[in-house]
Structures are given as structure tokens and as C-alpha cells.
Number of protein chains: 2
Amino acid sequence: MAKGPTVYHVAERAGVSIATVSFTFRQPDKVKASTRDAVLAAAEALGYVPSASARGLARGRTGALGLFAYDYLLDPAHGRREEGIAASVPAPTEGLGNEDLRLFPLYVDEVQRGVELECWRRGQALLVGGGNPENNEAVLSDIAGRVDGLAIFPRSVPSEALARIARRIPVVEVSESDLNADLDHVTVDNESGIRAITEHLLTVHGMTRLMFLGGMPSSDNDHRLQAFLRTLHDAGLSSARGPNYPCGSDERVAEVVRLLCQGGNLPDAIVCATDQDALVVLDTLAAAGVNVPKDVAVTGFDGIAAGRVVRPSLSTVRQPLEQMGRSMVQLLLDRLDNPEKPPANVHLPVRLVVRESCGCQAA
Amino acid sequence: MAKGPTVYHVAERAGVSIATVSFTFRQPDKVKASTRDAVLAAAEALGYVPSASARGLARGRTGALGLFAYDYLLDPAHGRREEGIAASVPAPTEGLGNEDLRLFPLYVDEVQRGVELECWRRGQALLVGGGNPENNEAVLSDIAGRVDGLAIFPRSVPSEALARIARRIPVVEVSESDLNADLDHVTVDNESGIRAITEHLLTVHGMTRLMFLGGMPSSDNDHRLQAFLRTLHDAGLSSARGPNYPCGSDERVAEVVRLLCQGGNLPDAIVCATDQDALVVLDTLAAAGVNVPKDVAVTGFDGIAAGRVVRPSLSTVRQPLEQMGRSMVQLLLDRLDNPEKPPANVHLPVRLVVRESCGCQAA
DNA sequence: TTGGCAAATCAAAGCGCTTAGATATCTATT
DNA sequence: AATAGATATCTAAGCGCTTTGATTTGCCAA
């Protein structure tokens, strides 16, 4: 691992100046073909690999985009994906890992996948940084120093830290467009999604006593609750229960469900704010011996993989996760091209996916 | 997006030299507490974010690791994941994407996940670069210039390109340890895996006419074929057919299966080199109206998500994919600490997973 | 007080590249 | 053959940080 060759070495070997070496790689047409070949040959012979650090410094751009992949499952409010931190989730190597798709891929993972594919398609380097509750800010700042633009997930970064970073580089966020209104955003049609699944329960299944349940508060979830209430209202109904959102954590969600079971007056359906919530509900109901969908229907929102595999499989609203990631990259690059344009918002459609947990398919 | 503040600005504002600013961030104990606070305050006020390019240039290290996430499905030998390139795979936005887990997560995606988790756990920045058949070398070189160490998948980079890069930074590879013997490697116990699943077919299901089938050639697959033949030999049997590996592509695999069906003499079981191959086999058999596992058993190797979801679900050998990714990071960091140590090889265990396609569970 | 040592701070020299602007080399005209 | 105008190449000045070695400051013992 001897220090590698630099422009100087290549230049010397090719008998040209370092500028010509640089031009050969960055603006090949400025260089006569014969010279170019000589430089390329020298570079090849020497095993020259241009330093991105030096280039970045000289250009004032790193040439990479960043994704701050905050891991919600590392959040104290949930179990944890990391090894041995919470008993509720098996360590990753136990049974050689991820057998049930409960841990991966999640919502964020599919969005990340979209970010990656779009970056690669465009020949963009992508830095993925992972937060964890302890050193979020430090990690974030480190990433920010390495990239030309940053994509982040909702609620993963405090607004003030965000503002600081956004002063230096463009930032695009999923959802939360109300909160950080000066950033670019990718949002989905929560309204239509909740309306579709709620009306499905109402009209197809003839249910009338519905409740909304959600753990973590978020802008998306707020909108979903509102849409839920509006849909009921439009149907001349009201929520079967008071506000069960935001409960605050998976554990609190489970608690609410247990109380419901004990009370003996289950609603016809529990409309959950997210698939994650719905899985907790499903687990808790199963533990209480309640049959889904016979005794109560359950729906989610997001369309994560686990919802397909769990029994009963989860009726939900599928978000275009990959596309959301792609759109983030798009927005970032657009803004890099045109820093002064007003904040943009890409609003994407969602799709109803009916499976077993609402009573549609045979369990 | 005005050019951000630099050490100079922070130093001026805090009334110290730029060296002190740098020390404040990199070696805080060298700086008196009061000075440190002043610097931090100035940095905060100015919204200072250190430039990783400058740091990398000065230090000779970027502080990031790289993963060259070659996408096998973008390879001409397979269908493609990208939109509209091959008819065999729906465009990613069609139906809002990845409904059946056939496209994601694959083998490489789960390994990547392990790389990410381990990097984040250790506070390492991670650059994920994506190759595509057209510009592989360029992308690879670009990544190499950005990182201190690189993790790659088997057969994703020609050996000579690899050698060139390995001259500059440590490279760790999954599998293929025979081929690039001077690199660090993470391998799995192909021998035990194939032996376990083959013996399962032999002893539990009493099958005797087995064949091995695989598409793409690879070191792993070579070993699997050998292990298969040895296992049969040890049982006093021989392969039900000549070598059906490497066929070369998904299409060729399907062709072989179709011929088998037409010939009317199906073996008792088809032991596939990978899950990917097994899925193709399953599809092709289904199209030919052959029942699995009744008419013929099929097994895979890898343990990808799709194998859980497909009907019949796939009996396979599960690799510790996440752990493999984690080990790669481990090896890279170890070597960065100690460049002179001899090439290391982390060899990991696999596990038999019996599901429906071998006839174990009710289909 | 002063000398001596440790702790704190600083000055300055790069790190490897890009890119104006200057210079040299070619081409095409006259 | 001379010269304007391209074209090709080069010179040199950074880009923002780290880090060595020098210098200053602070503290304590003599």
C-alpha cells in the first residue's frame, strides 16, 4: 500500500505538465490525441488513480451525494436491529439473520435502494451514513462535509441541525414538508391512501366501527389521521374510539391493543398509521387469541416486505418507495444545477393493496 | 449555498490560529478547555462544517470505506433490474415496484446491508458505488479514489483491474479466494452446505437420481458442484446426468429444464447452484406443468428473500449474508491497521433451510 | 525573582488536484 | 515568407485542512 502515484508522476513519465494530465482525464478534447494516449499509457503503467480528495478540494465539490440512513429500529422507541440491545429482536447472527423479513428490508431500506439505483444510473457516487441515537449529530456533520447534497428521512434530524447543513448544501427530505418548508421534499398522497383503505373497509366489508392507531408521531401520520377522520365523517360515521395516536412507541401501541382486548369491545377494524404499527397490532392480537380478520380487521400503510409474509398477510397502502428515493436524487441534482429555484415538492401516488388482514383473501 | 465558512473564518472569529481550530476537532485534549469552547462557539455560530476533501488530502486518507455493489441483475446474462431494459422484469415503477421480492433484496443486497451496519456501528463512512456493464471500470476507479479500502463481490471486477486497485488500497472480496489469492476474503462453507442439502434429499426423502444445475460460473459454484459430486460418490451414487453447470445464463438454465421435461425423464431432484437458478427452474417447471416437489424436488443455495415467498417455497442453504458484510468491513479495517499481514480469509458456516420445494412441508 | 519544564498555541509547509491566464505551437491566409 | 488566429500546452495560484517543529505562555521550585 505504498502511497500511490500522483499527477506529478504521470506527468513526468508522459513528458507533459500536470495540467495536461488533469485535462486528459477531465477535458479530453482539449488534449491532442497523441498526447492523450501518452498520458493514458503512463497512467496505466503507473497504476494511477486520481485522488477524489484533491479533486474535491480544488473544485469545491466532492462529486458525491449523501444519504443519512437513520435507522428507526435503532431508535429507543422501537426494538433494535443491532445485536443484543433489545431482547425483542434476535441478534443479527442468530439463526444467521433476517429470516422473517421483519428487520429488512424496511421502509427506509427500499427508499435507500431507490436512491442508490438512481445515483448509479447517473454515475453519481453515493455516501450512505448511518445514524445511531448516540452520535447522530456528529455522523451527520461528517457526512455533510463529504457530499454535495444530502437526502434524509423524516424525523431523523432536528430542524436546527438541518438548517445548519442546508446552509451549506442542498438537502431533500422525505415528507415533513410542513416542518422544513425551505427544503425540497418528496411526499406521498397520504390522503388518497387512507381514504382508499378506509372506504374499502366501509363499503366492501361493510364495517362501521373503525379506529385509527399509530405509534410514533410524524407529519405523515398526522395527515393520515386527519384523512381517516374526514373519510369517516364523509360517510356519516365517527371514530369508534378517541385518538389513539400518537401512542409514542411500539410498546404503547401493544398496550392499547391489550386494553382493547380486555375491554372486550373490539372495533370492526384497526386502521394503523404504518405497517410497523400494524405488525405490532397483529402480534399483540395473536398473543391475546384474537382472530384477524374474523374478530377484527387490521390495516397498515407503507407496503413493507414483512407485510407480505406475516400471517394473516397485511392489507395496506403501498408507497412507491423506490421511486421516492429516485426522486430525492433527482431533486438534489436539479438544485445543484439551479440553487436559486424555489423549494420543490414531488408528490407521488400510492396504491391500495388488499390481502388477508382486512378479510379479503382466505387466511 | 454560499461557500461555507472554513477554518480560517472560525479561527478569526475565535481569535486563534487555524491550527488550534483543527486541534479542537481532531485532538480536543491538546486544547485548553476555555479555548476549545470559544472555537466550538465560533464554529457553531458560523455553521462550520469541516471539508472532508481537505482533510482527506492533508491526511492521505479519506476516512471512508467503499463497496462496489455490482448488480448481477444488470448483467446481460440475467434479466435486468433497471427500467424497461429487459421485458422479463417489470419496470421498477410498474405497480409501484418490487412486489414479489424477486428483485430486492437479493444476495448482494443483504451482504451490503451487513457492510452498512458494521460501518455505522464503527462510525465509518461508507461509499456505495454501483457498477453497470458499460462503465464498470470507470466507476470502480472513481470509487477507489474516494476510499481507504474497498469491498467487492465475486466476478464483479476483472482480476487485472482489481490488482491495480489493490496496489493502492486494501481490497476484500467475497469468495473467489483461489483466484485473487493475495486479497483478503470472506468465504462460506459451500462444501458442508451442499453436503447437508444433498444428504437431506438422499436420506430423508430417499431420492437417488439427483442432478446439479447452475447458470453462471463462479468459484463458489465450482465448489458446490464438486461437493455435490463427492456427496453422491460417498453414497455410492452418481449424478443422474452429465454436467449441467455452468449453463451460462438464466435463459440457458431454463432451456436445460425444458429439455428435461420434454425428455420425460426428470430426475428425483434438481440441486441448483444458487437460489437464483432455483427460481428460474421453478418458473420453468411450473410453465411446463410439472409439479414441485411431487414430480421433482428443487433446491437452491443462498437463502434470499424471494425463496421464502415463492410457491412452493424454496428449500435451500442459507448463507450468513449480513455477517459476511460485517466481516468484510472487519477485514478492511484490520488491514488498514496492519498492511503487512498475510492475506486473511474469514470462513463462515451455512445452514440448511428445508421448506416446500424438497417435499418437506405441505405445499 | 528567576530558571526550567510542561502545556498551549502558532507559523508554515505541504497534501494532489483544477483551472485561469500566459505562452508556445500549428494552420491557414495573404 | 510572414502573420493572425486557433489550438495545444504550460505556469502558477490556490482549494481547506493536518501536523511538525518552533514559540509562547503558565506554573512551580529554587
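Please read all numbers here as calculations on a predicted model, not as lab measurements. Residue numbers start from 1 in every chain, and the chains themselves are labelled A, B, ... in the order their sequence lines are given, proteins ahead of strands. These values consider heavy atoms only, across backbone and side chains, with no hydrogens, waters or symmetry-generated copies.
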As an exercise, state the distance from CG of A/L140 to CG of A/L162, rounded to the nearest 0.5 Å.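 The CG atom of A/L162 is 7.5 Å from CG of A/L140, to the nearest 0.5 Å.
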Between [X] and [Y], what is the shortest heavy-atom contact and its length?
X      : Y      : answer
B/F68  : B/F153 : O-CD1, 3.6 Å
B/R167 : A/L46  : NH2-O, 2.7 Å
B/A151 : B/L332 : N-CD2, 4.0 Å
A/P154 : A/E173 : CA-OE2, 4.2 Å
A/S159 : A/N180 : OG-ND2, 2.9 Å

Under a 4.5 Å cut-off applied to non-hydrogen side-chain atoms, are B/V147 and B/L65 in contact?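 No, their side chains stay 4.5 Å or more apart.
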Do the non-hydrogen side-chain atoms of A/V172 and A/R335 ever get within less than 4.5 Å of each other?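 No, side chains not in contact.
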Using C1' atoms of five pairs at each end, report the bend of the helix from C/dT1-D/dA30 to C/dT30-D/dA1 rounded to 10 degrees.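 The end-segment axes of the helix from C/dT1-D/dA30 to C/dT30-D/dA1 are tilted 40° relative to each other.
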List the atom pairs, donor and acceptor, that lie under 3.5 Å between side-chain atoms in residues 20-30 of chain A and the rest of the protein, sequence neighbours left out.
unit_1	atom_1	unit_2	atom_2	d
A/T20	OG1	A/S17	OG	3.4
A/T24	OG1	A/T20	O	2.7

Provide the start and end nucleotides, 5' to 3', of the part of DNA chain D that has atoms under 4.0 Å from heavy atoms of chain A.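 First and last nucleotides in contact are D/dA8 to D/dG16.
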Enumerate, atom names and distances included, each donor-acceptor pair closer than 3.5 Å involving a side-chain atom of residues 47-57 of chain A, sequence neighbours excluded.
unit_1	atom_1	unit_2	atom_2	d
A/S51	OG	A/S53	N	3.3
A/S51	OG	A/A54	N	3.0

Can we say B/R326 and B/E322 salt-bridge, meaning some charged N sits less than 4.0 Å from an Asp/Glu carboxylate O?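 Looking at B/E322 together with B/R326, the answer is yes, because their closest N to O distance falls below 4.0 Å.
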Taking A/E118 first and then A/R122, would you say they form a salt bridge - that is, a charged N and a carboxylate O separated by under 4.0 Å?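 A salt bridge is present here (some side-chain N lies under 4.0 Å from a carboxylate O).
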Which residues in residues 31-59 of chain A have a heavy atom closer than 4.0 Å to any atom of DNA chain D?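 Within this stretch, A/V31, A/K32, A/T35, A/L57, A/A58 sit under 4.0 Å of the strand.
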Pull out every residue in residues 17-28 of chain A that has a heavy atom closer than 4.0 Å to any atom of DNA chain D, ordered by number, or say none.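 Hits under 4.0 Å, by residue number: A/S17, A/A19, A/T20, A/F23.
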